[in-house]
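Written out below as structure tokens is the structure these notes cover.
Below, each value reflects all heavy atoms present in this structure, side chains not excepted, and no hydrogens, waters or symmetry copies. Lettering follows sequence order; numbering is per chain, from 1.
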Amino acid sequence: MNIYKIYFNHTIEILDKFKLDSNYNFDNTEILKKITLEPPKNTINGDMSTNLAMLLSKNLKLNPKEIANKLKPYISKLPNVLTVDIAGPGFINITLKQKTWSDCIKKILLDPDNWDKQDLGKGKRINLEYISANPTGPLHAGHARGAVFGDALASLLNEVGYKVIREYYINDAGSQIEKLVESSLIRYDECNGKNIKEIPVGLYPGEYLQEVGKALLKKYGKNLKQNSKEDIFNLVREVSLEVIMKMIKEDLYKLGIEMDVFTSEHNIISGNLLTDILTILEEKNLTYFGFLDPPKGVDPTKWERREQFLFKSTVYGDETDRALKKSDGSWTYFATDMAYHLDKINRTNGDLINVLGADHTGYISRINAAVNALSNGSISIDTKVCALVNLMENGKPIKMSKRAGNFVTLSDIIDAVGKDVIRFIMLTRRNDQSLDFDFKKVMEKSKENPVFYVQYAHARCNSIFKSAEILEENLHIENTDLLSGKDEIELIKFISQWPRTLELAAKNHEPHRICYYLIELSSMFHSLWNKGKDNFNFKFIVEKDIKLTNARLLLVKAVALTIRKGLSILKIKPIFEM
RNA sequence: GCGCUCUUAGCUCAACUGGAUAGAGCAUUUGACUUCGAAUCAAAAGGUUGGGGGUUCGAGUCCCUCAGAGCGCACCA
């Protein structure tokens, strides 16, 4: 039950009626795209506001206010309208009867699980690829943001009716895997009692690889190296990946994340997909052997002009064409990634979303071109970029150096502050803005810490039920029209905006909106709570008035319910007692 | 050098994707606990949305330009 949607639909009906009645002849397809019905930013402008008159003014060549006046009678006739005002440059502001709002609480509580359900996705499938960290070591702090962002987005899209596939791409091919194998072998020797001294530069020095060494020793004993070179490589590769992916999965699990699909780059390469993309591209005449211009900034002495096998990504807006094969004839990373995207397209039969780190922004346009070419433009891909996270300790940045080995792992952070705190804080900024994560601040029990602030509001709700000595679920859903205080009604209006917030967050792929909504809802609730301190009449529990108390407790219940809904999308546990 | 992403109050950030007087929190000043949890609340003050142009009924949001920050820039992954 999205009340704003209901009146939005009324507005569209009015447009049709108005067109008919007034004999105006105009094409309203543009207007239908731009028409809005929103809660105004400032509450003095009523409950809902539409820009319809302003949009019509272009077509009718009339002053928007004049049109608004003509529309006014139509809107006044809509159900439960108290007043219609024309304001500013031509906004039509609607105020509904108070009872409409108090009735909302009734509707919400009569169907608490489903009142906010909306089927935007209509069961459509979406493939959401996120994290996809290289399988060469455990996840570190920087991975947390993309992980949480992707996971919250998946959860959010599921909530509004999409069928989301949570996918992780394992980059288990290429030179970094060769280095991993080499590094693992050193650790194997170490476990075998050999003194290994320092790990050579360029290899992976992390001690976590000792786990791989141990696993190798356990599985193959002391004679692993008697196998052929190729066999050793494959055996070590397999065990290394197994051990490290297990670490990664465990860390993700600790963060509340379970992926649906893990796809291996290695498998993509050994399958038929690369010949498939070649067939598609060649059919469209999108490949050629040729030369690329040197990029402007590159040192000319280092530039070597050579012929390459290229994909015409410029056809789809990329800045330059991209190489598909290396000079030794093997496929480039981009080519296999293209094949991987074809794989996703085939399996998903729906749109794609990629969540990347900020250091991969330069990669987006070529992937867009690839998806466009491979799907004939029928599949859309949205790439969300997560900006940097600055780890701080009490306002000062924590210096990390991979070489010195003192980088903070994801597991460290989870152990330090808990998964719920990480999940919330990582979403308190838009994804494309960099974010400070301060270990001290996120653990603070004060308003400065938004997780605490929201949880505290929820705990307070619960505390009221305890004081009233009634269980939330035993409240009778009646007398809601006793909710008549200005702040009570404002709070109800804000709760009524919840489905709208969900919709906006889902459509724009912006889960941070959920966090901001919850913070504001909590703020309104805390405020109302304190009203009762200034004035006895505003307390939720009014000793001598059971009916009024019941009505107010229903409002509190709706607040608690909405906080829980929001948190559950973020996969955060609500706290009932601090 | 080229491209992408950014720049909003002293600080950290929002702003319903083009809407009305740009909103919060910190910090500052001042108030509210014999009463449902003061871990909270109320109020004041704080702005030429980096500068300059343009598009239109209307711009933080779109276009151009300049300045600054971050990231990326032929076979790596």
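Among the protein residues, A/Lys539 comes within range of the nucleic acid bases, having at least one heavy atom under 4.0 Å from a base atom. Counting any heavy atom pair closer than 4.0 Å across all strands shown, A/Tyr363 reaches a base atom.
In this structure, A/Phe437 has its ring center under 6.0 Å from that of A/Phe439. In this structure, the ring of A/Phe525 has its center no less than 6.0 angstrom from the ring center of A/His458. Checked against the 6.0 Å centroid criterion, the rings of A/Phe494 and A/Tyr517 qualify as a close aromatic pair.
The list of side chain to side chain donor-acceptor pair (under 3.5 Å) pairs with a residue in residues 31-45 of chain A, not counting sequence neighbours, reads A/Glu30-A/Lys33, A/Thr36-A/Asn51.
Comparing the same atom, P, in B/C16 and in B/C76 gives a spacing of 40 Å after rounding to whole Å.
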- [ ] Would you please test A/Trp529 and A/Lys539 for side-chain contact (heavy atoms from CB on, under 4.5 Å) and show each step?
- [x] CA-CA 7 Å; A/Trp529 173 293; A/Lys539 283 189 158 304; over 6 Å; no
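Contacts between residues 492-506 of chain A and RNA chain B, defined by a heavy-atom separation below 4.0 Å, involve A/Arg500, A/Leu504, listed by number. Residues from residues 262-270 of chain A that place a heavy atom under 4.0 Å from any atom of RNA chain B, listed by number: A/Glu265.
Enclosure of atom CD in A/Glu307 by more than 12 non-hydrogen atoms of other residues, nucleotides or ligands within 6.0 angstrom is indicated.
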Task: Dot-bracket encoding per residue of RNA chain B, Watson-Crick/G-U cut-off under 3.5 Å, | denoting interstrand - done: (((((((..((((.....[...)))).(((((.......))))).....(((((..]....))))))))))))....
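Toward the 5' end of RNA chain B, the nearer of the two residues A/Ser527 and A/Pro89, judged by each one's closest nucleotide, is A/Pro89.
The phosphate of B/C16 has neither OP1 nor OP2 within less than 4.0 Å of any side-chain N or O from A/His512. Taking only side-chain nitrogens and oxygens, A/Tyr453 never comes nearer than 4.0 Å to OP1 or OP2 of B/C26. OP1 or OP2 of B/U34 has not a single side-chain nitrogen or oxygen of A/Lys533 nearer than 4.0 Å.
Using the six-membered ring where Trp is involved, A/Tyr516 and A/His512 have ring planes that are perpendicular, over 60° apart on the 30 and 60° scheme.
Using a 90° window around 0 for the glycosidic torsion, B/U17 falls inside it and is classed as syn.
Nucleotide B/C62 holds its C1' atom 11 Å from the NZ atom of A/Lys34, rounded to whole Å.
Ring stacking is absent between A/Phe91 and B/G19, as the pair misses the limits of under 5.5 Å between centres and under 30 degrees between planes.
Partners of A/Tyr168 under the side chain to side chain donor-acceptor pair (under 3.5 Å) rule, at least two apart in sequence or in another chain, do not exist in this structure.
Without hydrogens or angle criteria, A/Thr136 side chain to A/Ile177 main chain gives no donor-acceptor distance under 3.5 Å.
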Open item on the list: One character per nucleotide, please: for nucleotides 2-9 of chain B, 5' to 3', B when the base has a protein heavy atom closer than 4.0 Å, S when only the sugar-phosphate does, - otherwise.
Closed with: -S--SS--
